[in-house]
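These notes concern the structure reproduced below.
Quick note: numbers below take in every heavy atom, side chains included, and nothing from hydrogens, waters or symmetry partners. Note that this is a predicted model, so its numbers are computed, not measured. Ligands are counted one by one from 1 in listed order, and the atoms in each one are counted from 1 as well.
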Amino acid sequence: MNQSNPITPETYQSYRGLPSLAGLGRFSEAMKPGLSVEESVTRLKRHHYALRRIHTIMIAKLTAEPIYELKMGFSYHAFLSAEAVTLLRARVGEMREPPLGLDKVPHPAMEVFFDEILGAEKIEEVILGVYEVALPSLISGLQKHIDQTHLLADQPTRRLCRQIKTEAEEMLEWGKKSIECLVTPQIREAAKPYLSLLSISLACMGSIDGTQSPREEAPARYYSNKPYQYDKVPRRDERFQDPFNQGVSPETFLYDEAKPVDAKILMMFFKRIREIDVPEMMGSIIMETPGKPWEYYRDLTRQLWDEARHAMMGETGFVSLGIDWAKYTAPNLNWSYNLNTQLNPAERHAVLYFIEQGLMPKTGKRFEWEVSIMGKNPLATTFQDYDWADEVLHARVGRDWYVSSMASSHEAIENGDKCWAQVMQNWEGLRTKGLTQHRNWWPELYTEYCKKVGKTPDPETLAYAISYEGKRADLKDLSYSA
Ligand SMILES: [Fe+2]
Ligand SMILES: [Fe+2]
């Protein structure tokens, strides 16, 4: 008989010392029982609820929030939250659980907690609620879930929690820095009743993950006593000095064969940064279209984030040239403003699709990429390459969620065209109301650019001045936005 040592976690040998358990951990750890499936699902559902609500808060705020950096940060965090929600839903569905329970509020205090953040009066309060209260609790709940669930039996959940935690920490980092920049001691002092209500709610729910002895009740509401009013009117911060200016048509310039390619790149950077208006508009579609399957919100949020990235590509392009975009250009909000205030959400989506499917032919995104190559600008080439790839995805999102609701793709395009034609640009009206003089900022931008690169401005390029004149027909075959 083999007189080998009795098997213990210490004496048990793997083949030639190879890592056991696929490297997940040691036997001594794997021998400890972990959370039940039921408990693990309960926690997953709480993480899910929190992230779903954070997603909505981000989307709800980005349109009316004037500060550009906050719009961009909210767009990103809406995307990260939506991705996390998608993973969590899938995992819950794998755990003997019909995914139906995902729409249930896990604890009444959780609803109050997130309603309060959504309904908070000031953006600083929203930021404090999300980044100083909600996310730290979510992160510690995720860590606890990682530590307590079984490393082998519940490995897919552990992996998921780790992934989500890493991204939640990235969100938190941004939030902390933003709080340092925006929240004064006076604002914090004034936010005391609200912040203390958030703490009480958190105590009632037993933390986001529900592990801190939850109580049955929910606290009395403060901000969320009155129903939340979504604000779909886009606003901009003071760097946008002329937000209704439609005095320059980058499209006309871009498709003019006589214009030099380097100047066209400048116009493309402007086109990109002007795309701030797309998240502003798409946020309103998401907020005002309830009752769709989760995948609808995920796809639209992804597209919203892509459009925010496109805007930041334009911003980066200007920085790369050493040009202050705020001083030399006027990214306007007319498109998001007009669509949000004149069309219903289904019509807005129709217009978005109509414009985006028009970007696919040769005159669209491929053209912009080719201009970047001809202009020998590697940064613009990278940006346009991905902008084009993103656009192909957006056309697919449009087919999946808009065209599929129409009788045919022909009708979908017709309807988009009709809705777009309905939008009143009222170019002259903006002038008579004193909202803008449609100042032609191009010569100053071009002069500044020539100065930076050390060349003499080409007189014909400098003299360029074509306005929209308020006629939508002028834009019909041009890639306006998105
Ligand atoms: Fe875009
Ligand atoms: Fe797009």
Under 3.5 Å, sequence neighbours excluded: what are the donor-acceptor pairs made by side chains of residues 118-133?
| from | atom 1 | to | atom 2 | distance (Å) |
| --- | --- | --- | --- | --- |
| E125 | OE1 | E121 | N | 3.3 |
| E125 | OE1 | K122 | N | 3.0 |
| E125 | OE1 | Y223 | OH | 3.0 |
| E125 | OE2 | Y223 | OH | 2.8 |
| Y131 | OH | H77 | ND1 | 2.6 |
| E132 | OE1 | R188 | NH1 | 2.7 |
| E132 | OE2 | R188 | NH2 | 3.0 |

If you check every N/O/S atom of [X], which is the one nearest the Fe ion (ligand 2)?
| X | answer |
| --- | --- |
| E307 | OE2 |
| E356 | OE2 |
| H394 | ND1 |

**Report entry** Atom name in E275, limited to N/O/S, at shortest distance from the Fe ion (ligand 1)
**Finding:**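 Result for E275 and the Fe ion (ligand 1): OE1.
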
**Report entry** Atom name, H310 (N, O or S, nearest to the Fe ion (ligand 1))
**Finding:**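 Closest N, O or S atom of H310 to the Fe ion (ligand 1): ND1.
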
Query raised in the report: Only one of F253, F270, Y328 forms a ring-ring contact (aromatic ring centres under 6.0 Å, His included) with W442, so which one is it?
Result: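 Of the listed residues F253, F270, Y328, the ring-ring contact (aromatic ring centres under 6.0 Å, His included) partner of W442 is F253.
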
Query - N, O or S from D306 under 2.8 Å to the Fe ion (ligand 2) - result: no

Query raised in the report: Measuring to the Fe ion (ligand 2), does D390 have an N/O/S atom at a distance below 2.8 Å?
Result: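 No.
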
Requested in this report: Let me see the working for F113 and I208 under side chain to side chain contact (heavy atoms under 4.5 Å, CB included), right down to the final yes or no.
Outcome: CA-CA 10 Å; F113 179 83; I208 298 274; 4.3 Å; yes

Query - Set of ring pair (Phe, Tyr, Trp, His ring centres under 6.0 Å) partners for Y296, sequence neighbours left out - result: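 Applying ring pair (Phe, Tyr, Trp, His ring centres under 6.0 Å) to Y296 gives W401.
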
**Report entry** Audit row: E111, K104, salt bridge (Lys or Arg N to Asp or Glu O under 4.0 Å) steps and yes/no
**Finding:** CA-CA 10 Å; E111 187 164 47; K104 248 183 81 192; over 6 Å; no

Query - W294-H55 aromatic ring centre distance below 6.0 Å - result: yes

